Amino acid sequence: MINILIILLLPLFVPGLISRVKAIMVGRKGQSLLQPYYHFLKLLRKDEVISSSASFITRLAPSLALSATLCAALFVPIGLSESIFSFRGDVVLVLYLLALAKGIMVFAALDSGSSFEGMGASREISFTAFLEPAFILIMASLIFSAGFNSLNGLLHSYSIGGQGVWNIVVGAFTVFALYLMLLVESARVPFDDPNTHLELTMIHEVMILDYSGFSLGLIHYTAALKMLIYSSLIVQIIIPQTTSLPMLWFLGGIISTGIVTGILESLMARFRMNRNLELVLVPVSVAVLAIAALIAKSIGV
Amino acid sequence: MSIGFIILFLGLIPALWKRSGLFSIVWLMGSGFIAFEYLEVLYSRNVQDYLLLFPDPIGTANIGLNKLSAFFGVIFSIGLPLGMLYGHFYLKEHPGPGLRSHLFWLGLLGLSMHGLLWMRHSLLFLMLWEVMSISSFLCVIQDRSASLKAALNYIITMQIGAGFLIAGFGLLYLQTGSFDLSTLAAMPRLPMYLLMIGFAFKAGFVPFSSWLPQAHPVAPAHVSGIMSAMMIKAGLYGILVIISINSFNLREIAIFCLISVVTAFWGVIHAMISSNVKKALAFSSIENMGIIGIGLSVGLLGLDAGIPMMATLGFAGALLHTFFHSLFKALLFYLSGNILCASHTLEADQLGGLAKAMPRSAACFLIGTFAISALPIGNAFISEFSIYTGLLSAMAAHDLPAIVISVVLLAAMAFIGALALIAFAKLFGIIFLGEPRSEQATKARECPRGMCLPQVVLVAGILLTGIFGNVGLRFVKPLLRWMQLDMSGYIGLRNTFSQISIVLGIVLLVFGLLYLIRKLCVKDIVSPTWGCGYHKPSPRMQYTSLAFVHPLSYFLKPFILIKKERIKAEGLFAREVEYAEHSEDPFWKCIVEPVSKALNWFFGLFSGMHNGRTDAYIAWCVGFLIVVLVWVLGFK
Amino acid sequence: MFELIKARLRHGYQAIPNPLQAQINPAFPGCPFLAADADLPALAALCPTGAFSEKGLDLGKCTFCGACQRKYPEMIDFKPDFRLASDSREALYIAPGTQYQARFASPNTKLFQRSFALRNVSAGGCNACELELGASTNVNFDMGRYGIEIVASPRHADALILTGPISRSMAEALAETWKAIPAPKCLILCGCCAISGGVFAPSVQLDRSFLAHWPASIYIPGCPTHPLSIVHAIHSFMGAK
């Protein structure tokens with residue numbers, strides 16, 4: 001129950017936190033921490049303007065993307081308790097539900113017939129080519145060390161603070177790869193710039209250029225939820241296995257992920273667009289390294 | 001057996017009368033009867049065998065079914081009549097010459113495919129194999145002017161493949177002394193490899209796949225659909241027969257893995273860069289064969305490494321994918337027929353915005369896209385899920401070679417899956433979304449209801465098997481048991497699939513709810529796409545198919561061939577500047593074309609002999625006789 | 001990276017604590033006060049934009065050039081007060097002898113109380129108002145603290161903030177942008193050019209028919225408008241506590 005509440009209420013907090021951190025980093029007062037919620041509620045009450053090029057895809061895409069992401073979130077142990085669903089191999093379902101959300105939004109971007117959005121769609125979907133192997137390899141390395149289990153089981157039975165130095169090494173690799181994936185997937189600074197819509201970046205933000213009102217609200221919520229999913233994965237790997245205050249750890253973890261992202265965003269410039277894709281190979285290679293480390297450990301090098 | 005086959009044979013009569021409607025109805029009926037037979041074999045134990053007596057070189061022929069051939073039989077008897085039905089409507093909309101012979105060969109193709117499954121005798125098998133190849137060739141060249149070259153390439157490739165099969169079966173006969181395939185327990189290696197290669201030609205494994213992207217774009221839509229969704233499965237059937245009676249060592253499995261991965265990768269990157277709808281679909285068939293191959297190698301690896309769960313999941317995934325591929329690939333090929341009828345072009349860059357003109361076809365294509373790119377709700381997700389979990393389960397078992405191969409396969413599967421998503425997002429997006437890019441596309445109108453009928457049936461099948469994974473799984477269960485695999489893995493998979501059904505149900509429920517809320521509470525105002533204040537947007541400004549995949553095709557440059565055409569700007573006020581890119585098939589460009597050119601050149605050397613003068617010909621004959629005489633006498 | 005942190009530490013906290021109550025440089029020519037005995041015809045003869053009429057001074061036409069104050073310092077005095085905006089055109093007239101009061105009726109919708117997205121269209125503007133609009137989002141004025149943001153796509157916007165006198169060639173783009181904003185939406189006129197045409201009012205190159213169809217919700221006088229005026233105007237309109 002508490003999971004569902006967190007999934008429904010917490011996501012929009014993270015972008016608010018990040019922009020607050022960024023505001024503080026540049027010396028502004030900055031918007032309220034709850035600003036994304038106000039924004040979301042306002043958008044839900046607005047009408048929509050639909051492109052005359054749009055087909056049925058534009059109308060159904062945000063709802064489908066949100067429902068797919070929401071169901072993916074049901075498999076992640078968000079909050080203190082177990083995830084709502086779990087079965088062996090559910091990582092694949094999570095991965096593909098997220099891909100479904102992404103795919104349908106790419107269709108929606110192409111639906112407008114705008115060259116900007118085509119560009120954004122092309123870039124967004126190109127990233128999946130390397131993110132999917134990275135995700136599945138990360139999960140494979142977790143399965144290698146914790147046994148074939150559900151995502152929930154894997155995250156609960158694995159922790160950086162576990163046995164020995166190998167666990168720390170592999171855990172650090174995993175967290176690093178997942179964090180890079182978070183930055184890519186939630187369109188954060190070294191890869192994309194959430195503050196620009198039209199200028200140099202044009203990935204996630206440009207894809208939703210033609211959305212307004214209710215649908216835009218759903219899209220913002222979906223993006224925030226996706227970010228929460230990835231931060232929860234990271235946090236669950238870091239949380240010690242036996243702790244008396246899991247909820248506190250969890251919220252602290254989410255907040256510190258947001259703060260780190262905010263600081264990173266204030267201190268870094270975006271990378272060159274046409275080299276971005278090569279950079280997305282980093283999580284893949286880190287995941288391969290993690291598996292290699294595990295294999296080396298198991299055969300006793 | 002007899003009733004179904006007799007009805008299907010009778011189908012050839014309306015074909016000769018050019019009654020395509022009656023032809024497809026007969027096929028529907030006949031397939032119903034024959035499917036009943038297959039299901040009986042699949043789900044009950046009494047396997048009927050017939051013994052036929054033939055004159056001497058053939059001898060006693062064993063004819064009958066086993067679980068494997070019954071499984072493929074069910075696939076054929078679902079897919080073929082739908083293809084014939086679609087063919088009826090397609091030929092009405094898009095008439096071509098030679099309807100009579102076309103229908104006749106189509107019927108013969110279907111009959112030979114069914115017949116193939118019953119043959120337990122290698123000579124009869126080869127005969128029907130040839131009938132299948134030749135009749136499909138004759139189906140492809142319905143429109144002779146456009147398709148002859150590609151179809152000739154197809155038939156030549158098939159004959160090379162058949163050559164391998166003949167060699168394989170011949171060696172088998174030499175070593176075992178029997179044409180009977182049903183009693184074989186294990187094969188000697190060399191004939192097995194030859195047979196594998198021969199079947200790989202038909203199934204479209206790299207490097208024997210260059211005929212697929214050539215033949216499919218020129219064939220009529222229903223023939224492409226039948227060939228790509230059903231006929232190449234005959235090759236797969238052969239491979240599965242070999243796999244089911246042999247055991248393999250690790251090195252062979254690794255090679256099989258490698259070929260499968262290369263096949264899938266090769267197929268998907270070319271599907272990604274092809275702008276012709278049918279070419280992209282043909283390449284995607286190669287990719288899907290690769291995925292089935294990966295599934296099979298996962299199964300074999302599981303058997304080899306002693307991980308029963310991995311074996312079950314891998315084989316289950318491969319078989320499920322075989323079944324599902326026949327549904328969604330047929331659907332997409334038939335839809336390409338709709339596109340062709342509506343707009344008279346298959347080039348994606350000439351199309352665009354068809355979703356508004358053809359909403360029914362667009363919705364079907366969307367479901368097909370979900371299925372082919374393995375997104376949930378589509379059915380390929382179910383089969384790939386099974387393969388993925390097989391691989392993941394190997395990660396937990398501590399067997400080093402299995403783990404290393406699994407890691408490679410996992411990464412490859414995920415990469416290929418993502419590329420497939422890109423390929424079909426591109427295809428769907430460029431063709432159906434946005435604004436029409438050409439006049440033909442502007443004029444496109446929805447096809448008649450009849451054309452959509454087989455497609456709706458296929459979409460229903462895809463959704464049923466995609467949401468309720470257990471429907472497909474029940475279908476492969478007898479096969480898994482027949483292959484003597486560990487059934488606890490099956491039970492685990494069944495429970496998982498029922499949970500996936502629940503989750504997908506929730507996805508659809510939430511989606512429906514949100515969609516309804518939006519529909520009821522939100523007012524839509526229609527206004528042109530926001531062009532950032534630019535007043536004269538033109539459809540040419542939209543992204544094209546190669547531009548869409550450019551970030552990745554730039555990355556995959558070493559593996560693909562993109563031809564650039566440009567007219568550079570000259571002078572201060574350049575009149576004409578042009579830039580275009582086309583993708584090409586490297587196999588075709590670098591192997592098939594040079595080889596055929598070399599052959600042409602070589603035989604061209606002798607063209608002077610063919611001068612049309614009788615005395616010269618008599619002279620060649622006399623010369624030949626003299627050479628033979630000298631040779632014979634010399635040896636004496 | 002460390003350079004950036006060092007710069008941040010050196011600059012410190014730069015935001016104006018409360019832009020609504022901020023003290024402004026006394027030299028700033030802000031809200032004018034018209035003496036009760038002001039000689040309106042004389043002032044009108046002096047004014048380049050014809051801001052003076054028998055109703056008094058029209059803030060919507062005034063360019064704050066100060067020509068009148070220089071000649072008749074006893075009749076008119078521009079005070080350093082940036083609270084100039086109003087929600088109706090009528091309220092922008094200052095009658096002689098009255099104190100101007102920025103007026104905002106209570107908003108008819110609470111929708112924009114906490115979040116307000118603006119899309120700027122510069123319809124033939126001289127780029128002064130646009131710069132000031134940009135400045136109101138910078139570190140000092142930081143309009144974002146009230147939930148006001150400037151967005152790239154009109155689809156994401158709640159209001160169109162218009163700067164410039166609307167030249168003929170921009171009229172179509174303006175109308176298009178307005179159509180692209182989803183309802184409920186409002187129009188903000190920023191600067192004297194946008195409100196009345198300003199110094200360009202007599203020009204035949206203007207096409208201000210757009211404003212006849214769509215009444216504005218906020219009028220922000222100034223030439224150019226001061227960022228504090230903009231922040232104050234929009235914040236007052238949103239009606240947040």
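So you know, we letter chains A, B, ... as the sequences are listed, proteins then strands, and number each from 1. Just so you know, these numbers come straight off a predicted model, no measurement behind them.
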For this session: Go through the steps for B/F511 and A/I104 under the test side-chain contact (heavy atoms from CB on, under 4.5 Å), then give the verdict.
Result: CA-CA 12 Å; B/F511 160 64; A/I104 194 79; over 6 Å; no
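- Heavy atoms closer than 4.5 Å to chain B are found nowhere in A/K102, neither backbone nor side chain.
- Your options are A/G113, A/S63, A/S114, A/G89, and the one with the most heavy-atom pairs under 4.5 Å with chain B is A/S63.
- A/F130 is listed as a side-chain neighbour of B/L552, based on a closest heavy-atom distance under 4.5 Å.
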For this session: Please report the C-alpha distance between B/F428 and A/I57 in whole Å, then the side-chain angles of each, then the deciding distance to 0.1 Å, and finally whether the side-chain contact (heavy atoms from CB on, under 4.5 Å) criterion is met.
Result: CA-CA 11 Å; B/F428 181 75; A/I57 296 286; 3.8 Å; yes
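- Only the side chain of A/I291 comes within less than 4.5 Å of a heavy atom in chain B; its backbone stays farther off.
- In this structure, the side chains of A/F87 and B/I500 come closer than 4.5 Å at one or more pairs of heavy atoms.
- Neither the backbone nor the side chain of A/S150 has a heavy atom closer than 4.5 Å to any heavy atom of chain B.
- Taking B/P528 as the reference, A/S52 meet the side chain to side chain contact (heavy atoms under 4.5 Å, CB included) condition, with sequence neighbours excluded.
- Between A/A99 and B/L421, the shortest heavy-atom contact is O-CD2, 4.2 Å.
- Residue contact with chain B, scored on non-hydrogen atoms closer than 4.5 Å, involves the side chain of A/V91 exclusively.
- Residues A/S215 and B/R518 meet the side-chain proximity criterion, which asks for heavy atoms closer than 4.5 Å.
- Inter-residue side-chain proximity for B/D524 and A/R59 is flagged as met; some heavy-atom pair is nearer than 4.5 Å.
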For this session: Would you please test B/L392 and A/V92 for side-chain contact (heavy atoms from CB on, under 4.5 Å) and show each step?
Result: CA-CA 10 Å; B/L392 288 176; A/V92 182; 3.9 Å; yes
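- If you tally non-hydrogen atom pairs under 4.5 Å between each of A/G118, A/A287, A/A134 and chain B, the highest count goes to A/G118.
- A/A121 touches chain B through backbone and side chain together, each having a heavy atom under 4.5 Å away.
- For A/Y221, the ring pair (Phe, Tyr, Trp, His ring centres under 6.0 Å) test picks out A/F40, with sequence neighbours left out.
- Checking A/R88 against B/T389 by side-chain atom types alone, no donor-acceptor pair falls below 3.5 Å.
- For A/D111, the parts lying near chain B are the backbone and the side chain together; criterion is any non-hydrogen pair under 4.5 Å.
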For this session: Take A/V49 and B/W530, measure what side-chain contact (heavy atoms from CB on, under 4.5 Å) needs, and give me the verdict at the end.
Result: CA-CA 10 Å; A/V49 178; B/W530 177 241; over 6 Å; no
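- Looking at A/L142, there are no atoms closer than 4.5 Å to chain B (heavy atoms on both sides), in backbone or side chain.
- Note on A/I143, A/T128, A/L137, A/T69: by heavy-atom pairs under 4.5 Å with chain B, the leading option is A/I143.
- Looking at A/L277 and B/Y554, their side chains never come closer than 4.5 Å, going by heavy atoms from C-beta outward.
- Contacts of A/F75 with chain B are made by side-chain atoms alone, with heavy-atom separations under 4.5 Å and no backbone atom involved.
- In this structure a side-chain-to-backbone donor-acceptor pair under 3.5 Å is missing from A/S112 to B/T529.
- For the set A/Y96, A/F214, A/F135, the entry with the most heavy-atom pairs within less than 4.5 Å of chain B is A/Y96.
- When heavy atoms are compared at a cutoff of 4.5 Å, A/L70 approaches chain B solely by way of its side chain, counted from C-beta outward.
- Residue contact with chain B, scored on non-hydrogen atoms closer than 4.5 Å, is absent for A/R45.
- Counting heavy atoms from C-beta outward, B/Y543 and A/S122 have side chains that approach closer than 4.5 Å.
- How far OH of B/Y515 is from CZ of A/F56: 9.0 Å, rounded to the nearest 0.5 Å.
- For the pair B/L366 and A/F107, the minimum side-chain heavy-atom distance is below 4.5 Å.
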